[in-house]
Visitor: 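Quick one: the structure is below, questions incoming.
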Amino acid sequence: MADWARIVRERLAGLALPDDDAAQVFDELASHLEEDYQSLLGEGCSEEDAVRRSLGGVGDWKVLQRKIESSRKKERMMNKRVTQFWFPAFLTLSLSMVLLAVFEIFGPKPWVTPMPGGPRLRMTPLAVVYISWLIFLPFIGALGAYLSNRAGGRSRTVFSSIVFPVFPYVAFFVIGLPLALILDDQVAHNITIPAFFVGLSAWVIFPAMALLAGGWPVQYFASRRLGATQVSGS
């Protein structure tokens, strides 16, 4: 009976993967070869022929090695993106939206900027600012920075995950609102340039600053600690 584990390790001896990943690959491939081998025996093949045909089904072992290394490299990169950016980003987005919904339902009431021209001309407020929401956003930004840093994210990745909650509002002001102005005359008559910039400040600039106020110190001290660790290690 063939020792598939030994055969696989010999054929893939130069596999450039961490020990744990390489061991997993060896076990999976050896198990696959064993299944093929047993299947061929069940079809009436001799042991020698079953071994030969099972190994022949692999093809070029060098090509297989390159495919495995490329696949695992892409998998590691994807896992890094998830842990360093996507998970912290969507967590900060979810927490900020839930917190905003809580304040919208239970209060306190937001601050509404007055509109020149009096109540008769006011169709919509210039800006609705949830001050309590802005006060809590630094804590959410700090959490996003901590999670991204802990996963090994670089500064650009960390800061992107911190300010991710404002991206939907950026998309609204850059894409959604201009389309509404083009397609709906009533919206065009009720929105002025000052209203646009006040709304942009209330929903993009101020929240981004609040998130960064919490996230930037975390990133700063984490970078200094990493630098000190590297200096002491050298």
Side-chain angles (χ1 to χ4, degrees), residues 1-95 140-165 167 215 218-234:
M1 182 176 179
D3 185 352
W4 296 113
R6 179 185 59 80
I7 293 173
V8 170
R9 289 179 181 276
E10 290 177 353
R11 299 294 177 94
L12 298 178
L15 191 64
L17 290 178
D19 292 341
D20 292 343
D21 288 349
Q24 183 180 0
V25 170
F26 295 154
D27 291 342
E28 291 176 355
L29 188 53
S31 177
H32 175 71
L33 289 172
E34 175 65 24
E35 290 177 2
D36 287 347
Y37 172 76
Q38 293 295 338
S39 177
L40 290 168
L41 289 179
E43 295 175 3
C45 292
S46 64
E47 291 188 6
E48 182 179 352
D49 190 39
V51 170
R52 180 182 57 80
R53 291 177 62 179
S54 296
L55 292 174
V58 175
D60 191 325
W61 286 84
K62 295 295 184 182
V63 173
L64 175 63
Q65 179 175 319
R66 287 195 294 269
K67 288 182 178 180
I68 292 173
E69 291 171 347
S70 176
S71 176
R72 290 301 173 114
K73 183 178 180 181
K74 291 179 181 178
E75 183 179 340
R76 289 197 301 270
M77 290 178 62
M78 183 61 67
N79 290 336
K80 283 185 178 180
R81 290 193 189 101
V82 171
T83 57
Q84 293 176 0
F85 175 72
W86 289 112
F87 175 71
F90 277 104
L91 181 62
T92 56
L93 175 63
S94 300
L95 290 176
I140 296 176
L143 176 62
Y146 169 75
L147 293 174
S148 183
N149 257 303
R150 188 178 66 175
R154 296 183 177 181
S155 296
R156 180 187 301 178
T157 304
V158 173
F159 286 119
S160 297
S161 66
I162 293 172
V163 299
F164 190 78
F167 286 174
V218 174
Q219 168 64 12
Y220 174 75
F221 287 111
S223 299
R224 291 195 62 180
R225 185 168 60 250
L226 178 61
T229 302
Q230 291 175 344
V231 170
S232 62
S234 60

Visitor: Check whether any side-chain N or O of Ser70 sits under 3.5 Å from a backbone N or O of Lys67 as a donor-acceptor pair, and report yes or no.
Guide: no
Visitor: What is the distance from atom CD of Glu69 to atom CG of Leu12, rounded to the nearest 0.5 Å?
Guide: 9.0 Å
Visitor: Over all heavy atoms of both residues, which pair between Ala145 and Gly215 is shortest? Give the atoms and the distance, please.
Guide: CB-O, 3.5 Å
Visitor: Please report the interatomic distance CZ(Arg6) to CZ(Phe26), rounded to the nearest 0.5 Å.
Guide: 13.5 Å
Visitor: Atom CD of Glu34 and atom CG of Asp3: how far apart are they, to the nearest 0.5 Å?
Guide: 10.0 Å
Visitor: Listed by chain and number, what are the side-chain hydrogen bond (donor to acceptor under 3.5 Å, both in side chains) partners of Glu43, not counting sequence neighbours?
Guide: none
Visitor: How close do Leu40 and Ala50 get, counting heavy atoms only, and between which atoms?
Guide: CD1-O, 3.5 Å
Visitor: Going from CZ on Phe85 to CG on Leu147, what distance comes out if it is rounded to the nearest 0.5 angstrom?
Guide: 13.5 Å
Visitor: Could you tell me whether Glu48 and Arg52 have a side-chain N and a carboxylate O separated by less than 4.0 Å?
Guide: no
Visitor: Please give me the minimum heavy-atom distance between Gln65 and Arg11, naming the atom from each residue.
Guide: OE1-O, 4.4 Å
Visitor: Counting only heavy atoms not in Phe167, do more than 12 sit closer than 6.0 Å to its CZ atom?
Guide: yes
Visitor: Which atoms form the tightest heavy-atom contact between Ala89 and Thr92, and what is the distance?
Guide: O-OG1, 2.7 Å
Visitor: For Leu41 versus Cys45, what's the shortest heavy-atom pair and its separation?
Guide: CD2-O, 3.5 Å
Visitor: Which residue in the set Asp27, Leu29, Val51 passes side-chain contact (heavy atoms from CB on, under 4.5 Å) when paired with Trp4?
Guide: Val51
Visitor: What's the separation between atom CG in Leu33 and atom CG in Leu55, rounded to the nearest 0.5 Å?
Guide: 6.5 Å
Visitor: Kindly give the heavy-atom pair with the smallest separation between Thr157 and Gln84, and that separation in Å.
Guide: CG2-O, 3.5 Å
Visitor: Report the distance from atom CG of Asp49 to atom OG of Ser54, rounding to the nearest 0.5 Å.
Guide: 9.0 Å
Visitor: Please check this pair: side chain of Ser148 against backbone of Gly144, looking for a donor-acceptor N/O pair closer than 3.5 Å.
Guide: no
